[in-house]
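Quantities reported herein were computed from a predicted structural model and do not represent experimental measurements. The residues of the chain are indexed from 1 along the displayed sequence.
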Amino acid sequence: MDAIRTYVERNRARHEQELAEWVAVPSVSATGEGMPEAAEHARLLVESSGLTPRIVETGGWPLVTGHAPGPDGSPHVVIYGHYDVQPPGPLGEWDSPPFQASIRDGRMYGRGTGDNKGQHLAQLLALRALRDQGGLPCSVTVVLDGEEEIGSPHLTDTLASLREEIDADLAVWSDGPVHDAYEPTVSLGVRGALSFEIIVRGGNTALHSGNWGNVAPNPAWELVWLLASMRGPDGRIAMRGHDAGVTPLTSQERDALRALPVDTAAVLAGAGLDRMDAYPAPDGADPADGPGYNERLALPTFSINSLSCLDGDDHRTVIPAVAVARCDMRLACGQRVKTVQDAVRAHVQAHLPHAEVRFKVGMEPSRTLPDAPFAEAVVHGVGDAAGKPALLVPAQGGSLPIAALTDGLGLPCYGIPLANVDERNHAPNENLELRRFHEGIVTAASALLSIAGAQR
């Protein structure tokens, strides 16, 4: 590890230049901007890190893969990342161009710095460092997804078609921020996600609220009443069947969640909040005994993302012609996208049949238990690189298509997030602390060395 640290320090400038060049390649899967060029750039990065690269067609944007053998009998590790990024959003809210990397106060700013180009590049550079310092300790297959930001609709089927060549022992990924305590982190799972729109239509145009009030039905009121029937003021999700199959947290997972450090009041204050959302306690229990901050991030959610009457923000005294709610649900382990879709569809049909539901992104949840193979080795490797114990997070609050690896390929899967908590992923001024980028290379290398030394 001393040699790896020396290598990383010696190559800081080159590594930062590589990240800046990668950020400068747009790769917006939602619109297609720059995607063919990005796939080729990813292929070159994989090749320059000592792997045999391949571009795999998926029916959508391609996967970029790479493989390098390790010593005979060593574990085979899949490293997952994604090369697509979110659209830049409002350009006026960026302090520098989103696809032109800019360094300020020890951070690199630009779309994809933290999500996910900086993090998977750190993994690739770790492979390069290990190769140059004596060779890879494990066999490695890298999988860079081109569709993560649009729900990875082709990932599961594509990986299934590659099952024979991805005959691996485990998978690791680096995405999202470290724990809010800014400590080294290993994540064992992610929640699933389902996003959708509910559209309620009224007249064929907006109607004068004086001439038509009490006569024309108001789509906005109908939508509000529908939404109120879907989740109660106590936080209870009221759609029958949405939680079918939910697997309760194990005692190990609950203990791990309760052991995570958190100053709830400080976290809330940092976001300008003075209270947590309502969330129901178990039936018959005192509300004070309901789930705490960390446990809530492993449980199902139903969120309204936005409400609109498509009125251009004008305040007119009208009954709107249309009302739209954009929503998402986060899925806990055991829930399935199709089951939740069916529950949403049935609830809307029962309460407001003329409303239209349009489903968008869907990702299944993923879970790896704390006593799964190689868990101890990954936690040890991440902690060893940091010089202190790593936090073990049973379920990350966000969503990633990791179920394609855990459920589709049957692999235990371990997240090693490398970004700062305030990376602003998906928002203007997305950034990555360069200190964390360089430390991430060391962390990724340390994890592979620890995995190589572990018993299966």
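For the pairing with Leu45, the side-chain contact (heavy atoms from CB on, under 4.5 Å) check across Leu51, Leu124, Leu125 returns one residue only, Leu124.
From Arg191, atom CZ reaches atom OG1 of Thr301 across 5.5 Å, with rounding to the nearest 0.5 Å. Here the CG atom belonging to Leu127 is positioned 6.0 Å from the CG atom belonging to Leu136, to the nearest 0.5 angstrom. Taking CG from Leu63 and NE2 from His154, the interatomic distance works out to 10.5 Å, rounded to the nearest 0.5 Å. In this structure, Leu249 CG and Leu299 CG are separated by 6.0 Å, a value rounded to the nearest 0.5 Å. In this structure, the separation between CG on Asp277 and OG on Ser303 is 8.0 Å, given to the nearest 0.5 Å. Rounding to the nearest 0.5 Å places CG of Leu268 at 6.5 Å from CE of Met276.
When every heavy atom of Pro365 is checked against every heavy atom of Ala332, the shortest pair comes out as CG-O, 3.2 Å. Nearest heavy-atom pair, Leu159 versus Leu409, reported as atom, atom and distance to 0.1 Å: O-CD2, 3.8 Å. Contact record, Arg163 with Gly408: NH2-O, 2.7 Å, taken as the closest heavy-atom pair. A pairwise comparison of heavy atoms in Ser139 and Ser74 identifies N-OG, 3.5 Å as the closest pair. Taking both residues in full, the closest heavy atoms of Pro291 and Tyr279 are given as CG-CD2, 3.5 Å, listed atom of the first, atom of the second, then distance. Contact between Ile451 and Pro75 at its shortest, heavy atoms only, is O-CG, 3.7 Å.
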Note to self: Let's go through Arg128 and Ser48 carefully: what are the C-alpha distance in whole Å and the side-chain angles of both, what is the deciding distance for side chain to side chain donor-acceptor pair (under 3.5 Å) to 0.1 Å, and is it a yes or a no?
What the structure shows: CA-CA 8 Å; Arg128 191 185 303 173; Ser48 69; 3.1 Å; yes

Check: When you look at Val28 and Phe99, which way does the side-chain contact (heavy atoms from CB on, under 4.5 Å) test go after all the steps?
Finding: CA-CA 11 Å; Val28 184; Phe99 295 115; 3.9 Å; yes

Check: What's the verdict on side-chain contact (heavy atoms from CB on, under 4.5 Å) for Gln396 and Thr185, showing C-alpha distance, side-chain angles and the deciding distance?
Finding: CA-CA 10 Å; Gln396 184 170 293; Thr185 304; over 6 Å; no

Next item on the list: Before giving the answer on salt bridge (charged side-chain N to carboxylate O under 4.0 Å, His left out), spell out for Arg436 and Glu439 the whole-Å C-alpha distance, their side-chain angles and the decisive distance to 0.1 Å.
Entry: CA-CA 5 Å; Arg436 291 189 177 275; Glu439 290 176 354; 5.2 Å; no

Note to self: One pair to check against side chain to side chain donor-acceptor pair (under 3.5 Å): His438 and Glu9. What are the steps and the verdict?
What the structure shows: CA-CA 8 Å; His438 298 296; Glu9 183 62 31; over 6 Å; no

Checklist line | Evaluation steps, salt bridge (charged side-chain N to carboxylate O under 4.0 Å, His left out), between Arg10 and Asp132 | finding: CA-CA 13 Å; Arg10 187 171 66 244; Asp132 291 353; over 6 Å; no

Next item on the list: Take Asp243 and Ile237 through the test side-chain contact (heavy atoms from CB on, under 4.5 Å) and record every step on the way to the result.
Entry: CA-CA 9 Å; Asp243 56 352; Ile237 300 172; over 6 Å; no

Next item on the list: Please lay out, stage by stage, how His41 and Ser27 fare under the test side-chain contact (heavy atoms from CB on, under 4.5 Å).
Entry: CA-CA 10 Å; His41 194 102; Ser27 51; over 6 Å; no

Next item on the list: Start with the C-alpha gap between Arg424 and Glu430, add the side-chain angles, then the distance that decides, and say whether salt bridge (charged side-chain N to carboxylate O under 4.0 Å, His left out) holds.
Entry: CA-CA 5 Å; Arg424 294 184 61 84; Glu430 180 180 343; over 6 Å; no

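At a cut-off of 3.5 Å, with distance as the only test, a side-chain donor of Asn420 or Asn431 sits close to an acceptor on the other residue. In this structure, a donor-acceptor pair under 3.5 Å is present between the side chains of His426 and Glu149. Under 3.5 Å, the side chains of Thr52 and His67 contain no donor-acceptor pair of N or O atoms. For the residue pair Arg367 and Thr406, no side-chain donor N or O sits within less than 3.5 Å of a side-chain acceptor on the partner. Under 3.5 Å, the side chains of Glu21 and Gln17 contain a donor-acceptor pair of N or O atoms. Residues His76 and Asp167 have side chains that never bring a donor and an acceptor to within less than 3.5 angstrom of each other.
A distance-only check finds no donor-acceptor pair linking the side chain of Glu47 to the backbone of Pro53 [under 3.5 Å]. Remark: side-chain polar atoms of Glu148 are not paired, donor with acceptor, to backbone N or O of Asp84 under 3.5 angstrom. In this structure a side-chain-to-backbone donor-acceptor pair under 3.5 Å is present from Ser195 to Val361. Of the possible polar contacts, one joining the Gln335 side chain to the His242 backbone as a donor-acceptor pair under 3.5 Å is found. No donor-acceptor pair closer than 3.5 Å links the side chain of Arg111 to the backbone N or O of Pro26. At least one donor-acceptor pair under 3.5 Å links the side chain of Tyr414 to the backbone N or O of Ala375. A donor-acceptor distance shorter than 3.5 angstrom exists from the side chain of Ser174 to the backbone of Ile416, with no hydrogens or angles considered. In this structure a side-chain-to-backbone donor-acceptor pair under 3.5 Å is present from Thr368 to Cys413. Using modelled atom types, one side-chain atom of Glu364 and one backbone atom of Val337 make a donor-acceptor pair closer than 3.5 Å. A donor-acceptor contact shorter than 3.5 Å links the side chain of His120 to the backbone of Asn116.
Taking the side chain as every heavy atom from C-beta outward, Pro401 and Asp145 approach each other to under 4.5 Å. You'll find the side chain of Phe374 reaches within 4.5 Å of the side chain of Asp169, heavy atoms only. Taking 4.5 Å as the limit, some side-chain heavy atom of Leu405 sits within range of a side-chain heavy atom of Val78. Counting only heavy atoms from C-beta outward, the side chains of Arg43 and Leu144 never approach each other to under 4.5 Å. Looking only at side-chain heavy atoms (C-beta outward), Ser450 and Asp384 stay at 4.5 Å or farther from each other. A heavy-atom distance below 4.5 Å is found between the side chains of Glu40 and Ile55. Side-chain contact between Glu253 and Leu369 is present, with at least one heavy-atom pair separated by less than 4.5 Å. The shortest side-chain heavy-atom distance between His82 and Trp61 does not fall under the 4.5 Å cut-off.
Other residues, nucleotides and ligands contribute at most 12 non-hydrogen atoms within 6.0 Å of the CD atom of Glu376. Enclosure of atom CG in Asp371 by more than 12 non-hydrogen atoms of other residues, nucleotides or ligands within 6.0 angstrom is indicated. Atom CZ of Arg345 sits in a crowded spot, with more than 12 heavy atoms from other residues, nucleotides or ligands closer than 6.0 Å.
Relative orientation of the His15 and Phe437 rings is perpendicular, given thresholds of 30° and 60° on the angle between their planes.
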